Amino acid sequence: MNYELNEDQAGILTGLDQLLAAHAEAPSGEPEAYVYGAALDTALADSGFLEIARIDGFGPLDAALVVERLARLPQVLETGASALIAPLLPLEPGERPVALVSGDATRPSRFLPMARHLLVLRDDDALLVSLGDAPVEPVESLMAYPYGRLASLDGLSVQTLGNAADLSRRWRIAIAAEAAGCMAAALATVIDHVRTRQAFGRPLGAFQAIQHRLAMAEETAQSAKWLALRAAWSDGEADAAIAAGFVQDRIARFTYDLHQFSGAMGLTLEFPLHLWTYRLRALVGELGGASAQARAAALAVWGVA
C-alpha cells in the first residue's frame, strides 16, 4: 500500500520539517544513552502539532504522520501519547507530557520523570493519575527513554475511565507509528555507514549479502510505516493490533542486522544507531508484546483469541 499525501497533510509535514530543521543533527558532547529534547518539546507545544487530532478536519492519521516524523529525530520526545491518546482523555489541550503504563501503576514508565499525567491501562478500565508534585523515582535504563516510577498512588488525584478499549487501540497505533519512525532513521544511519565504510577495498554496501539483508530491513521499515498509517486511518481494533504486533515481532531481527552491519561501532554510544534501536527494543514489550497484539487482532476479526 502507498498513497500520496493530500494538500493538508503535505502542509503539516512541511511546516513540521521547517520547525525541526534546527534540531535534526545528532546531539553533540559526551555520548549518552538518550538525549531528551527539552527545547524542541517546548517548541512543539507552542506550535500545536501535537494537538492536530483535536482540530476539525484532522484526526488520528494526521497525528500518526507527526509521530512517525518526530520519532526519526535523534532526540527523544513524548509524542505518541500526546498526539494520539490524549485527545481521548478528559484533559485540556497542552496538558502534557502523558506517561503510559499497563497493569501496575508503580511499574517503570517511559517519560514519567517529566509527565504531568500517568495513564494506567488495566484489563477493563483505565486510571488517569494527575501527578502534580508527586515524587518520581528515576529509573536508569539503556533503552534510550527517560524512565521513572511512582512508589504509590496515595495522595494523588486518580480518575477512573471507562474507555479502555479505545485507549488500548490508540496506544497500539502510537507504538506502531513511533517504531516506524525509529526504523526509518536507524536504517538511514546504517545505509550511510555501509556506503562509506570499506572492506577488502570496497564499500560494505557493495557486497550482495549485505544488500539483500538491507533490502529486507527496508521492507520491514516500509511495512511498519504503512501498517501504522492504515491503522491510524481506520482507527480500527484489528488494524491497530496488526500494526503494533508487526513491529514488535520484527524489531529483534531488524535491530540485530543493523548493529551487525555497523560492526564494532554499532556497540558504542559514539555511533548514533542506538538512539533509535534501543528505543525500538523498549517498545517490544508494551501492551503485552507481539503475542498480545496477535490475540487482540484475532479477537477483533473473529471474536475469539
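Computed from a predicted structure; not experimentally measured. Values reported hereafter were calculated over all heavy atoms of this structure, with side chains retained and with hydrogens, waters and symmetry mates removed. This chain uses plain numbering: 1 for the first residue, then up along the sequence.
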Measure across [X] and [Y] and return the closest heavy-atom pair with its distance rounded to 0.1 Å.
X	Y	value
Cys182	Trp276	O-CB, 3.6 Å
Pro113	Gly148	CD-N, 3.7 Å
Arg149	Pro108	NH2-CG, 3.4 Å
Arg122	Leu127	NH2-CD2, 3.6 Å
Gly103	Val120	O-CG1, 3.5 Å
Arg172	Ala240	CB-O, 3.6 Å

Let's go through Arg96 and Asp41 carefully: what are the C-alpha distance in whole Å and the side-chain angles of both, what is the deciding distance for side chain to side chain contact (heavy atoms under 4.5 Å, CB included) to 0.1 Å, and is it a yes or a no? CA-CA 10 Å; Arg96 57 170 302 274; Asp41 187 82; 2.9 Å; yes

If hydrophobic clusters are built from ILVMFWY residues whose side chains come within less than 4.5 Å, do [X] and [Y] share one?
X	Y	result
Leu20	Ile52	yes
Leu142	Leu273	no
Leu70	Phe58	yes
Leu258	Tyr278	no
Leu161	Val129	no

Any chance CG of Asp124 has more than 12 other-residue heavy atoms, nucleotides or ligands included, within less than 6.0 Å? no

Is it the case that the side chain of [X] and the backbone of [Y] share a donor-acceptor pair, with hydrogens and angles ignored and the cut-off at 3.5 Å?
X	Y	value
Arg170	Leu84	yes
Ser234	Gly236	yes
Glu51	Ala45	no
Gln248	Val284	yes
Arg54	Ala83	no
Gln222	Glu219	no
Glu78	Ser82	yes

Do [X] and [Y] have side chains that approach each other closer than 4.5 Å (heavy atoms only, starting at C-beta)?
X	Y	answer
Pro60	Trp233	no
Pro90	Gln159	yes
Leu118	Leu131	yes
Arg107	Ser102	yes
Arg213	Arg253	yes
Gln293	Phe246	no
Val190	Leu214	yes
Val136	Leu150	yes

For Asp239, enumerate each residue passing the salt bridge (Lys or Arg N to Asp or Glu O under 4.0 Å) test, keeping only those at least two apart in sequence or located in another chain. Arg230

Rounded to the nearest 0.5 Å, what's the gap from [atom1] on [X] to [atom2] on [Y]? Could you check?
X	Y	atom1	atom2	answer
Thr196	Ile191	OG1	CD1	12.0 Å
Ile12	Leu61	CD1	CG	8.5 Å
Leu88	Leu128	CG	CG	12.0 Å
Asn163	Asp125	CG	CG	10.0 Å
Ile242	Glu237	CD1	CD	11.5 Å
Leu100	Glu286	CG	CD	7.0 Å

Given the side-chain rings of Tyr34 and His274, with only the six-membered ring counted for Trp, is the space between their centroids under 6.0 Å?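 Between Tyr34 and His274, the centre distance exceeds or equals 6.0 Å.
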
Compute the centroid of each ring, for Tyr145 and then for Phe111, and state whether the two points are separated by less than 6.0 Å.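 Between Tyr145 and Phe111, the centre distance is under 6.0 Å.
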
Going through the checks in order, is the side chain to side chain contact (heavy atoms under 4.5 Å, CB included) test met by Met143 and Arg279? CA-CA 5 Å; Met143 293 303 179; Arg279 289 184 222 167; over 6 Å; no

Consider only side-chain N and O atoms of Arg250 and Thr220, and report whether a donor and an acceptor are under 3.5 Å apart.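 Distance-only check passes for Arg250 and Thr220.
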
Do Gln18 and Thr14 have a side chain donor and acceptor closer than 3.5 Å? no

With a 4.0 Å cut-off, would you call Asp166 and Arg169 a salt bridge?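 Here Asp166 pairs with Arg169 in a salt bridge, since their nearest N and O are under 4.0 Å apart.
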
Any salt bridge linking Glu178 with Arg110? Criterion: basic side-chain nitrogen under 4.0 Å from a carboxylate oxygen.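 Salt bridge between Glu178 and Arg110, a charged N being under 4.0 Å from a carboxylate O: yes.
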
Apply side chain to side chain contact (heavy atoms under 4.5 Å, CB included) to Leu121 and Leu287, showing your working. CA-CA 9 Å; Leu121 197 62; Leu287 283 183; 3.7 Å; yes

Please walk me through it: do Phe271 and Thr189 pass side chain to side chain contact (heavy atoms under 4.5 Å, CB included)? CA-CA 9 Å; Phe271 191 59; Thr189 299; 4.0 Å; yes

